[in-house]
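The structure under discussion appears below in the form of structure tokens.
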Amino acid sequence: MSIAVREFAERGADLELVGIQKRFPGFTAIEELDLVIPAGSFFALLGPSGCGKTTTLRLVAGLEEPTRGRILIGGKDVTDTKSHERPVNTVFQSYALFPHMTIIENVAFGLKRRRMADPLGKAHEALKLVELDHVAQRKPQQLSGGQQQRVALARAIVNRPALLLLDEPLGALDLKLRRQMQLELKTIQEEVGLTFLHVTHDQEEAMTMADTVAVMNKGAIEQMGAPEELYELPRTSFVANFLGQSNLFTGEVVGTTGTAITVAAAGGRIVVPTSRAQRHQGEVTVGVRPEKVALHVDEPAASSDRNVLGPGRIVDVSFSGVSTQYLVEVAGAGTVVVFAQNMGFGPVADVGTDVWLSWAVDHGFGLEDEPSEVGRFPSDDSTRSIAVQRREALVSELEEH
Amino acid sequence: MAFAAFATAEAQPQAPKKKSRIALFLLLPGIAYLVLFFLAPLISLVLTSLQAPREFGDIGQFDYAFNWQNYVTVIQQYLPHIARSFGYALAATVLALLFSYPLAYFIGVKARRWPLLQSLMLVLVIAPFFISFLLRTLAWKQILSDESIIISSLKALSLMAPDAHFTGTPFAVIFGLTYNFIPFMTLPLYTTLERLDTRYLEAGSDLYANPFTVFRKITVPLSMPGIVAGTLLTFIPAAGDYVNASRDFLGGPDTQMMGNVIEANFLVLLNYPAAAALSIILMAAILVLVGIYVKRSGTEDLL
Ligand SMILES: Nc1ncnc2c1ncn2[C@@H]1O[C@H](COP(=O)(O)OP(=O)(O)O)[C@@H](O)[C@H]1O
Ligand SMILES: [Mg+2]
């Protein structure tokens, strides 16, 4: 056993995945993965179910061997290191609490293996942190799913690993507890300065907790960056739709200035800043977030720094307290979603009203790819098709109202 | 503090307190069977064990009495046999466990990905049952006899003294017991190991346990129900076995176990009280040993 594993990590270690590929017999779970997670950061891996998140964590933990590529933790190549010798702990998606041990024995297990001083005292402290010290003498079967999940968290955190892997660790908690645990986790991470690699399919959780979010799709990372950056400037249609909602328009580039491109789409012209567009010629897809779009009852005056669409007809209005969501049918553009803050009292326009839409040119973005169509028999192993299906389902659900 | 509210919300399931008459009724055939075929012979056995020889009677003629000295006599007379029985049974159980555990682990855990191999290996474990164990034990007697290829080659290679034997020794008896009870050990082990959730092993490895510690702290405790069942299914019949140790099979004059002396007392010496007393001692000793074992292995809540 290496010295590093014998003592608590002083601080987090950075993680580097270089050209990782993982094939299972007859199935490639990870095509090509390159990733650098700086020490001390809270990194979220976000993606739909089946995109290879758990597999990535298992590779880092040493429970699975990569077909190709290297794994470095704290600059040290651990690709050939056994899992029990890696300075890494995992909160498993299935918790995997040892059923024959009490809760306290479970939590103290890692400390005892490393011959740490006072394992039981430290285990009790960790249990207090997740507010479960009163069940220390029980067996895992006697706990609820949420409690087991918190014990799994305590069992990993108590070891102060340089790198903590969390596989959907809050999935079994109800919303309130989930929010509380998110804050708790974030606090622990900041206090101790460990590196957290957090896997989730909940985009809100990823965005609220992480410094950096990587959106994973079909075993590859589509885009990576700070949550704001990912949200404001998605590069692919998958990211644009998986992380929040987007209005996307596809058309031919018909004009280019030094700072902006003009796309003929949605029955008009949409201008997008060159710096915010991934492609500058041919057919491109551009988009805008629903909350960036403004509704106008009268045709707004043309302006060089705003895109205007319209007229369109409101087909649905749903009031949700803080904001109102409008679905606007625009000729040539399909249904456009608009979120409007409720600054006044209630919705400003009713179903059937003719409206114009506008948004600041600076809020638009241009994508690398085009939204893919869903086939007649969409395969459910393709996460892109899952994302498209989700969007279509959402749109049709909204239209039903 | 929100957690505290969360934690107290869980309810302990309560077992129904009312006993149903229907359940009792359904138990009747089982109870009748036990009374007829277990309790009655047991009482008869206890009564026989306390009989005294008939005054001026023939050999094999006894009267009902309360002659508890029978027990003292047989213990004094057959103490070596009693010790040998439990010693051999223990050795065979340990050997069978050491042999069966890796085998069951391979079939139940490692071979999960190849169900065909799994079934094939299970069939091989059960295959010996298709031939009478008497025949198989006789076959071993031949294989291990002084004239057999194995023994004569060992002698030729000077690995065995020229005048040494294998049959008739304690090793041969323990070997026979081990061989005959391996399926009884392997099958229960296989059933628990087959259900072993390997995610626990991964969690152990993730928590810095090396493979040996994972085995000791996780695999073994989780397979304890199989270990207890297998060792009981081996130890209990092995302690009472009289075939392997018999002179006609793998044993010799110095390897006689309790089963052999019970047989001799019943069928040859016609000393029925001694045979019955020995049977009762054997049964009581096994009950006590098994009770302690099950208690100590802490598997009550796993079974
Ligand atoms: N041992 C395995 N053998 C074959 N395929 C596997 C194995 N483990 C995972 N997969 C496949 O790899 C893909 C990614 O799985 P996983 O990493 O668990 O996804 P996620 O955690 O993102 O939901 C899935 O399609 C899954 O079926
Ligand atoms: Mg998963």
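Below, read A as the first sequence line, B as the second, and so on, with proteins coming before strands; counting in each chain starts at 1. Because the structure is predicted, anything quoted here is derived from the model rather than measured.
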Got a sec: does the [atom1] of [X] have more than 12 other heavy atoms crowding it under 6.0 Å?
X        : atom1 : result
B:Phe86  : CZ    : yes
B:Arg199 : CZ    : no
B:Phe106 : CZ    : yes
A:Glu190 : CD    : yes
B:Ile22  : CD1   : no
A:Phe24  : CZ    : yes

Q | chain B contact via A:Arg58 - side chain, backbone, both or neither, heavy atoms under 4.5 Å | A | side chain

Taking all heavy atoms of [X] and all of [Y], pick out the closest pair and write down the distance.
X        : Y        : answer
A:Phe98  : B:Tyr200 : CE2-O, 3.3 Å
A:His84  : B:Pro211 : NE2-CD, 3.7 Å
B:Asp206 : A:Ser83  : N-OG, 4.1 Å
B:Leu207 : A:Arg113 : O-CG, 3.5 Å

Q. Is there any residue in residues 184-191 of chain B with a non-hydrogen atom under 4.5 Å from a non-hydrogen atom of chain A, and which ones are they?
A. none

Q.
Looking at B:Lys217, is its backbone amide N or carbonyl O close enough to the side chain of A:His100 to form a donor-acceptor pair, meaning the two atoms are under 3.5 Å apart?
A. yes

For residues 116-129 of chain B, which side-chain N or O atoms pair as donor and acceptor with protein atoms under 3.5 Å away, sequence neighbours left out?
from: B:Gln118; atom 1: NE2; to: B:Ile107; atom 2: O; distance (Å): 2.9
from: B:Ser119; atom 1: OG; to: B:Pro115; atom 2: O; distance (Å): 2.7

**Q.** Which atoms of B:Ser205 approach chain A - backbone, side chain, both or neither, heavy atom under 4.5 Å
**A.** both

Q: Measure the spacing between CD1 of B:Ile218 and CZ of A:Phe109 and express it to the nearest 0.5 Å.
A: 4.0 Å

Q) In this structure, which one of A:Asn159, A:Val88, A:Leu111 forms a side chain to side chain contact (heavy atoms under 4.5 Å, CB included) with B:Tyr208? A) A:Asn159

